[in-house]
Amino acid sequence: MTLLVFIASLLGAMAIGVPVAFALMFCGVILMWFMGMFNSQIIAQNMIIGADTFTLLAIPFFILAGELMNSGGLSKRIIEFAIACVGHIRGGLGVVAIMAAVIMASISGSAAADTAALAAILIPMMAKAGYNVPRSGGLIASGGIIAPVIPPSMAFIVFGVAANVSITQLFMAGIVPGLIMGLSLVATWLVVVRKDNVAPLPKASATDRLSATGRALWALGMPVIILGGIKAGVVTPTEAAVIAAAYALFVGMVVYRELKPKDLPRVILQAAKTTSIIMFLVCAALVSAWLITAANIPAEVTRYIAPLIDRPKLLMFVIMLLILVVGTALDLTPTILILTPVLMPIIKQAGIDPVYFGVLFIMNCCIGLITPPVGVVLNVVSGVGRIPLGKVVTGILPFLAAQICVLMLLVLFPDIVIVPARWLH
Amino acid sequence: EFNERNIRVSNGINADHPVGNGINAMQTCLDEKSGGKLKLTAFWGGALGGDLQATQALRSGVQEAVVTSSSPLVGIVPALGVFDLPFLFANSEEAYKVLDGKFGDMMNEKLDAAGLVNLAYWENGFRNLSNSVRPVNKWEDLQGMKVRVMQNNIFLDTFQNLGANATPMAFGEVFSALETKAIDAQENPYVTIDTSKFFEVQKYVTETNHAYTPFLFLFSKAIFNTYTPEEQTALRECAIVGRDEERKVIQELNKKSLEKIKAEGLEVNALSPEEQERIREKSMVVYEKHKAEIGADVVDGILSELKQIRGK
Amino acid sequence: MQKTIDLFYKFLELLLIFLLSGMALMVFVNVVLRYAFNSGLTVSDEMSRYFFVWLTFIGAVVGFREYGHMGVETVVALFGRKGRIVCMIVSNLVIIGCSGIFFWGTWKQLPINASMSAPVTGLSMAWVYGIGFFTGAGCVIIALERLVRLVTGRVTEKELAAFAGEDMSLEHLSERG
Ligand code: NA
Ligand code: NA
């Protein structure tokens, strides 16, 4: 019954247009009232304690690093590097898009920002070369959502804090699944692009290639610093994030000289605003998470799915379907925040590895970014690439199908995630 | 005179910690006294928030109870810093006598003034030092060693004063920091060294017994005052029943953990009585430095009570 | 009047820039000190967290003013003008209620936070947790002003479009994922 009150008040408030953060506060108020323990201090205390967490400090720094990467010309160098490497093969620009998406994913954690940078440069090029535009847009959108799966990732940090799982382990576990996502997209692309009549780009000469690599080297150094530092245990994720931001600032201002001092306030302000939007949501979610726990809602949910507890794969399958459905309508961070406190106790009880679950959970939420009706990355591609939303949706279908297949593959064979994660950690 | 009460008890540790045994014993006792009306619902692993957050929730009457170490609460009751002072208690018997006696009552009054009813002092255990560099036989051996400590000024000063390089670090990061030699040493009760598998990445363990920070079983004063006198008495008495069980289990577990650490091939040593005395004397400056903020009456009070106990 | 308000938000934006830069600087200096000089500032660990709290809750008001907080506009977008206005009225009432409770809770908690000090800096926690006054009051005021304009029929088309999630800027989209 408490579960019903929780869902109804949350969905009701969101349906009439209340922003998710306030809707979460509202459903917290309703839950308190329903449980006969209304106390305004529960709201006040849990709201602020959410932001008073050192681990979450990684979020603004990674956001800042991502903003600096895009304003400092790092993204451009990465794309040029990918073109020099694989631009000449058949369907080359599509492969370029995914290769660049994967590299950018290892620097930034924002799907929307990465997609925007990719779409702005590559969609005009692909249109000119004669590729099917909606399909190109679909490919870039599906490539963009790799960003939160490959570290660094705000999504993993939010999940790690909400579920009390090691962020370093989540980061290491995300690498291989992220690469598999990329490979599946390349494979799908090479199949569907056969119909397009496109002349491949001329093969870059060895010197061109070398100089493109040289220019991109500074940008390519960033994932090495981030992952290397965390992997070696030299820095915590928060420290790695601030080093990444400092590095991006240095490269953008001193090496590439695309970032001018006068741009800095704008870039920092944008990162600050993005941070507070995400963090306010995190804080509001912690209010309802506290009440969900105090009301013992997970026990209620566990009762409903008790028959599945002994069959972890089937349970994972059902949960993944549920998240796919939720993801059609809800953005990445809200999905993580709303579902984690409800699902985590069940996952633990079923004996499923929380890191493995986290990776699939985030991957699934990312797929939600490209499913209509609410799909932020769809909007980005449609806006930046000037393609009608409906056409992007058709263009995306084969890639969406490929990524859902990857997800199901990982449900069937958890070792694909678990084994390399153990090896990398 | 007993009403249906659901008492939510928040814990930072996990259910398999001896506190779990203590809570079960307390519940059995409460069932007998209240005819099953007083129910404890324990939340483990910080599910209802960290210790400090839970304690603040108690003070505002939002939540009933918490089992927390004294250290995080010094921002609320500065006098609790007395338990962070190095080499205060020599053994558990001393700690029991002081905590369950007059001094413990005096601290309870201070907690009461902050809106917290302390039902009983449970056990967290003595903290000991492990490292990967060399055996520590005298305080000089700590020279230059990178030791992880809690984010707590007294712990920081204690190790810095002994010549170590004290580094505050979140608990979750300690293992990998030890593994990669980003830090050399850490200090925790044997049970934690065991359950967190620190023995896999450490070579030496020294029984320093440098701190005994008790667990407090705190109840919200705002809520406690709405309970009937019978309910209050039952809670106080059963918290003591739980305390005795928890202390018994943790003592046994402590021995088992030490055996396991030895079996894993770590070199375990204790400080000789002379070195114990030297390290204690060396640490007295920390007492002086923090005396004012803890309260001179508190520090002098506990020292004179300990003197009395040791004099017998 | 409008000028003063705009100036006030400009000031808030400057504050946000200061807070984020300050946080980054403190953490960065600490990393450098730790690995290069084997020392560290215990203060920066704590202060950066408090900067983070202030950043979050000041930015939340700025974000609310710009319709930046993410919502699910699927249902609202289906309605015509009238339907959207009704939804927007109810939605603002909900926001006023929640923000009001946030403000009130901060007030009731004030004595508890004022009597607790930060472990390292000794700063009274009222300074940290008191930010609830600003955010609670800020959101109530913005929502009230919107409510008045909605009821008196002075709401702009642009606002209604923003409420229904139409024409979102790239910045707004990137805040969502
Ligand atoms: Na990423
Ligand atoms: Na979606």
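Treat the numbers as computed from the prediction; the structure is a model and nothing was measured. Proteins come first, then strands; the chains are lettered A, B, ... in the order of their sequence lines, and each starts at number 1.
- For L369(A), the part sitting under 4.5 Å from any heavy atom of chain C is the side chain, from C-beta outward, and nothing else.
- Ranking V86(C), L25(C), V27(C), L14(C) against chain A, the residue ahead of the rest is V27(C), based on heavy-atom pairs under 4.5 Å.
- No other option in M14(A), K273(A), M154(A) has as many heavy-atom pairs under 4.5 Å with chain C as K273(A).
- Residue F26(A) touches chain C through both its backbone and its side chain, counting heavy-atom pairs closer than 4.5 Å.
- Tested against M70(C) for a side-chain contact (heavy atoms from CB on, under 4.5 Å), the candidates L330(A), V374(A), D331(A) yield a single pass: D331(A).
- Remark: D52(A) pairs with R49(C) by the salt bridge (Lys or Arg N to Asp or Glu O under 4.0 Å) rule, at least two apart or across chains.
- Residue E73(C) does not touch chain A at all, counting heavy-atom pairs closer than 4.5 Å.
- For chain C, the option among L269(A), I43(A), N39(A), L332(A) with the highest count of heavy-atom pairs below 4.5 Å is L269(A).
- Contacts between residues 135-154 of chain C and chain A, counted as heavy-atom pairs separated by less than 4.5 Å, involve T135(C), C139(C).
- With ring centers used as reference points, F280(A) lies 6.0 Å or more from F64(C).
- Per-residue heavy-atom pair counts under 4.5 Å with chain A were compared for V75(C), T74(C), I101(C), and the maximum is reached by I101(C).
- In this structure, chain A has no heavy atom under 4.5 Å from any part of F103(C).
- Residue contact with chain C, scored on non-hydrogen atoms closer than 4.5 Å, involves the backbone and the side chain of A15(A) alike.
- Interface remark: of the candidates V31(C), V128(C), I58(C), V31(C) forms the most heavy-atom pairs closer than 4.5 Å to chain A.
- Contact count against chain A (heavy-atom pairs under 4.5 Å) is highest for H69(C) among E66(C), H69(C), M88(C).
- Contact tally against chain A (heavy-atom pairs below 4.5 Å) for A24(C), G68(C), G83(C), A77(C): the top residue is A24(C).
- Contacts between V90(C) and chain A at a heavy-atom distance below 4.5 Å involve backbone atoms as well as side-chain atoms.
- Taking the ring-ring contact (aromatic ring centres under 6.0 Å, His included) definition, one finds that F18(C) meets it with F51(C), sequence neighbours left out.
- Neither the backbone nor the side chain of P148(A) comes within contact range of chain C, judged by heavy atoms closer than 4.5 Å.
- Only the side chain of M125(C) comes within contact range of chain A, judged by heavy atoms closer than 4.5 Å.
- The interface of residues 112-121 of chain A with chain C, defined by heavy-atom distances below 4.5 Å, comprises A112(A), A113(A), A116(A).
- The part of T275(A) that comes within reach of chain C is its side chain, from C-beta onward, which places non-hydrogen atoms under 4.5 angstrom from that chain.
- In this structure, the portions of V376(A) lying under 4.5 Å from any heavy atom of chain C include both its backbone and its side chain.
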Working for side chain to side chain contact (heavy atoms under 4.5 Å, CB included), residues F28(C) and E239(A): CA-CA 7 Å; F28(C) 185 72; E239(A) 292 170 342; over 6 Å; no
